[in-house]
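Okay, structure first, notes after.
Lettering follows sequence order; numbering is per chain, from 1.
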Amino acid sequence: MAEQLGDLTRTHTCGALRPEDVGADAVLLGWVHRVRDLGGLLFVDIRDRAGITQIVFDKDDEALMAKAKRLRSEFVIGAAGHVRRRSAETVNPKLPTGEVEIVVRRLVLLNEAKTPPFTIADETPVSEDVRLKYRYLDLRRAQLQANMGLRHRVTMVIRRYFDAHGFWEIETPILTKSTPEGARDYLVPSRVHPGEFYALPQSPQLFKQILMIGGVDRYVQICRCFRDEDLRADRQPEFTQVDVEMSFARPETIFGMIEPLMREVFAVIGREIATPFQRMAYADAMARYGSDKPDLRPGMPIQDIRELFRASSFRVFRDIVANGGTVRGFVVPDAAGYSGTEVRALEDEAKSLGATGLVWARRAADGAITSSVMKALGEPAVAQLLEATGVQPGGLLLVVAGEPDTASKLLGQLRLNVARRKGLLKPDDYAFAWVVDFPLLAWDAGEQRYVSMHHPFTSPHEDDIGRLEAEPAEVRAKAYDLVLNGSEIGGGSIRIHDADLQRQIFSLLNISADEAKLRFGFFLDALEYGTPPHGGIALGLDRLCAILTGESSIREVIAFPKTAAAVDPMSDAPSPVDPKQLRELHLAIKR
RNA sequence: GGGGUGGUAGUUCAGUUGGUUAGAACGCCGGCCUGUCACGCCGGAGGCCGCGGGUUCGAGUCCCGUCCACCCCGCCA
């Protein structure tokens with residue numbers, strides 16, 4: 001049934017024709033978007049990546065009309081004819097091509113199509129399940145077309161930017177060596193070496209550092225990374241990083257390179273962003289926002305109000321403070337509309353997040369003061385509390401007491417929930433921050449040892465190197481995250497370029513010299529041959545594009561994403577393999 | 001591994017306290033229609049109510065189990 005393309009040559013895309021083309025001959029190739037059959041007159045919207053153009057058939061040409069009547073949604077057609085200006089009443093202002101149409105002289109039916117499981121032509125929501133199974137159809141829809149197009153343009157801006165600044169894009173291996181620290185590796189069995197495995201890279205970390213040792217000076221790669229961990233809306237087992245490394249870099253060197261890049265990237269969506277970005281110490285982020293990736297859009301920082309309770313008549317809080325705990329809270333402005341029921345709902349919410357309780361105090365629009373602890377504290381103390389935290393009329397103060405880290409994390413969650421409900425997380429507001437001064441190490445209670453907060457190659461802050469042995473938990477790292485709207489869109493560090501220091505860090509991490517040699521020997525060797533100071537960053541391209549498109553999941557900016565169970569419903573990966581393949585790989589499946 | 005939400009026509013959904021023949025819209029199929037553009041009008045087909053078990057005279061609805069999807073916690077240096 002399908003006809004061949006033959007000599008049919010596209011003259012215009014389906015988004016190209018304008019009044020100045022009137023009278024020209026045109027050949028359009030594309031999909032049937034919609035058919036409007038009026039009997040003796042039939043309109044087809046023909047669609048390709050560039051747009052939609054109306055083509056017209058009328059009954060004067062009986063054979064042509066008969067053929068046109070067979071057209072259905074998503075058939076692939078070629079239409080040749082001449083461009084005609086539409087009369088004033090029939091112009092479609094919704095289409096860029098709406099002032100013209102094509103009077104078809106020749107219709108080629110390049111392919112038929114089964115009725116698609118969902119409509120390509122409109123934006124009606126379809127379950128993600130179905131969309132992923134028929135991803136090739138979903139990709140035809142406007143949303144993914146726009147997202148893929150934007151991602152392409154962003155990628156091009158990034159490549160041009162780094163090229164203009166003297167970076168070389170260099171590919172690093174996909175089949176690489178498994179390293180013990182960090183996320184779970186995806187493993188690839190070696191056929192040639194029975195019982196041995198490659199790992200897919202979690203990031204090209206060591207290779208890019210070795211490129212610095214190799215004198216590359218400035219490296220960039222838009223590369224795929226793999227981590228076998230559980231998925232989230234912003235996490236896929238394979239994801240794309242803009243991987244960057246610079247020799248002779250200080251943190252400011254990296255910030256100064258990335259901030260103008262972000263300006264160019266946001267120009268793609270027509271937005272001007274302010275630089276430099278705010279810098280915030282990790283400790284401040286945790287204390288004021290309860291998160292190492294604070295969303296700065298809603299304001300409402302968490303305040304430490306412990307001192308107000310040290311000698312308070314409210315015994316519960318006083319005891320918590322006396323025992324090294326804290327009292328923290330944040331102010332919801334314009335909360336006059338919150339009913340008693342809604343405030344009680346907040347109390348329940350806090351409890352479900354793990355709080356023992358939630359204390360609130362508010363100043364009504366008329367200035368009247370109420371509080372859940374009015375009796376215990378007394379009105380003057382509540383007034384003082386509202387004063388100290390800056391609660392204006394109509395404002396609501398939410399307070400949690402307990403262990404400092406827990407209290408802040410909990411308030412951070414509550415703050416985001418409140419902000420979301422108040423509509424304060426506007427997707428087209430962009431609040432950037434560099435989170436700096438991360439701790440170098442974190443104590444792993446399960447393994448009873450220190451682990452790297454970032455990775456083992458991160459340089460300690462030079463002022464803190466002397467404290468490595470005595471108080472390792474206090475040592476700050478020369479590490480930084482780029483945070484945008486509560487999303488970590490990048491992270492990096494200045495690396496250790498001194499082999500002795502690197503050995504010292506491994507020893508702190510309880511990685512023996514033998515173990516280090518086994519896992520990172522090649523890298524430790526390389527470090528000894530004149531390693532320049534260097535550092536870099538990796539940007540999460542998927543997350544960045546999700547924010548640019550206003551999507552809440554990175555799956556919307558990935559052509560072929562996987563489900564939360566790491567399955568591709570289209571290709572049905574992963575799947576069992578032929579026993580012969582297993583034998584060649586010296587593998588047996590344990591059941 | 002844990003918690004939450006959902007699964008009914010091709011799609012998106014409704015379905016009362018457990019009650020007799022499970023509905024709507026869009027899509028699909030057929031017919032009519034010469035200026036539509038979400039065309040319109042008329043007619044029609046289409047259902048393992050995710051799957052398995054149980055309670056009951058009777059289950060889309062209640063119970064148990066299970067699978068799938070999404071969100072969150074753990075995990076993600």
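Taking atom P on both rA59(B) and rG52(B), the two are 15 Å apart, rounded to the nearest angstrom. A distance of about 23 Å separates the P atoms of rG54(B) and rU21(B), rounded to the whole Å. Between rC28(B) and rA69(B), the two P atoms lie 29 Å apart (nearest whole Å). For the C1' atoms, the distance linking rC33(B) with rA14(B) amounts to 34 Å, nearest Å. Nucleotides rC73(B) and rU8(B), compared at atom P, are 28 Å apart to the nearest Å.
Contacts of Lys94(A) with the nucleic acid, taken as non-hydrogen atoms under 4.0 Å apart, involve only primed sugar atoms and P, OP1 or OP2.
Residue-to-nucleotide contacts include no donor-acceptor pair under 3.5 Å from the side chain of Arg555(A) to the base of rC70(B). Looking at Arg34(A), its side chain has no donor and acceptor atom pair within 3.5 Å of the base of rG27(B). For a distance-only test at 3.5 Å, the side chain of Arg232(A) qualifies as a donor-acceptor partner of the base of rG74(B). On a pure distance criterion of 3.5 Å, a polar donor-acceptor pair joins the side chain of Arg235(A) and the base of rC75(B). The base of rG74(B) has none of its N or O atoms less than 3.5 Å from a complementary donor or acceptor on the side chain of Glu229(A). Contact annotation: side chain of Asp230(A) to base of rC75(B), donor-acceptor pair absent below 3.5 Å.
The distance from atom CZ of Phe118(A) to atom C1' of rG10(B) is 11 Å, rounded to the nearest whole Å. At whole-Å resolution of the value, CE in Met453(A) and P in rC75(B) are 12 Å apart.
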